[in-house]
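Have a look at the structure below, then the notes.
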Amino acid sequence: QVQVVESGGGLVQPGGSLRLSCTASGSIFGIYAMRWYRQDPGNQRELVASITSGGSANYADAVKGRFTISKDKNTVYLQMNSLKPEDTALYYCNAEDPRGRGYWGQGTQVTVSS
C-alpha cells in the first residue's frame with residue numbers, strides 16, 4: 001500500500017542542528033500536504049510544521065524561526081536549527097493524499113542533550 005519512512009534523527013547538543021527526511025512511496029496517487037508531528041511520553045502528539053503541494057508552509061509557535069520545512073515531490077524535509085532540550089521527542093511524518101487520507105511513518109527519535 002503506502003509507506004512513509006522518516007530518517008535523520010539522533011542525539012545533538014543544545015544549539016545544534018539536524019535535518020529530518022520523510023518519503024512517501026507505494027500506491028499513492030499524489031500528495032496534498034505533508035506534515036511533521038512530534039510526541040514524547042506524557043504529551044499529546046503535536047503538529048510541528050506542514051507544507052502543501054503548492055509549497056505553503058506553517059509552523060508551530062515553538063519552532064518558528066528555528067525550523068524550516070521543505071519538499072521535493074513525495075519527500076519532505078525538516079531542517080532543525082538552534083535545537084533546545086524541549087525539542088526532544090519522537091518525530092513523525094504524515095502524508096495526506098488529495099482525498100484527505102493520511103499516512104503515518106514509524107517515527108524518528110530526536111534527543112537534544114548535553
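Just so it is clear, the model here is predicted, and its values are computed rather than measured.
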Next on the checklist: Hydrogens and angles aside, do T75 and T23 bring a side-chain donor and acceptor to less than 3.5 Å of each other?
Outcome noted: yes
Please check: side-chain N/O of [X] versus main-chain N/O of [Y], any donor-acceptor pairing under 3.5 Å?
X: E6; Y: Q106; result: yes
X: T108; Y: G9; result: yes
X: Q39; Y: Y91; result: no

Taken in chain and number order and not counting sequence neighbours, the residues that satisfy ring-ring contact (aromatic ring centres under 6.0 Å, His included) with Y37 are W104
Using side-chain heavy atoms (C-beta onward) and a distance below 4.5 Å, is [X] in contact with [Y]?
X: N94; Y: M34; value: no
X: S17; Y: Q79; value: yes
X: T88; Y: S113; value: no
X: D97; Y: Y32; value: no
X: P14; Y: P85; value: yes
X: Q13; Y: S114; value: no
X: I51; Y: S56; value: no
X: L20; Y: W36; value: yes

For the pair E96 and R101, evaluate salt bridge (charged side-chain N to carboxylate O under 4.0 Å, His left out) and give the outcome as yes or no after the intermediate values. CA-CA 5 Å; E96 183 184 348; R101 182 66 173 173; over 6 Å; no
Is it true that [X] and [Y] fall in one hydrophobic cluster, defined by side-chain heavy atoms closer than 4.5 Å?
X: V4; Y: Y92; result: no
X: L90; Y: V63; result: no
X: Y103; Y: Y77; result: no

Salt bridge check, D87 against K84: does any charged N sit closer than 4.0 Å to a carboxylate O? no
Discussion item. Under 4.0 Å between a side-chain nitrogen and a carboxylate oxygen: does that hold for E46 and R38?
Written reply: yes
Test side-chain contact (heavy atoms from CB on, under 4.5 Å) on R19 and L78; report intermediate values, then the result. CA-CA 6 Å; R19 190 178 77 154; L78 187 67; over 6 Å; no
Excluding V5, membership of its hydrophobic cluster (Ile, Leu, Val, Met, Phe, Trp, Tyr; side-chain heavy atoms within less than 4.5 Å) reads none
The side chain to side chain contact (heavy atoms under 4.5 Å, CB included) partner of V76 among S70, S21, S50, C22 is C22
In terms of heavy-atom contacts, F67 and V48 come closest through CD2-CG1, 3.8 Å
field: Derivation and outcome, side-chain contact (heavy atoms from CB on, under 4.5 Å), residues S53 and I31
entry: CA-CA 6 Å; S53 60; I31 299 293; 5.8 Å; no
So CG of D40 and CD of Q109: to nearest 0.5 Å the spacing works out to 8.5 Å
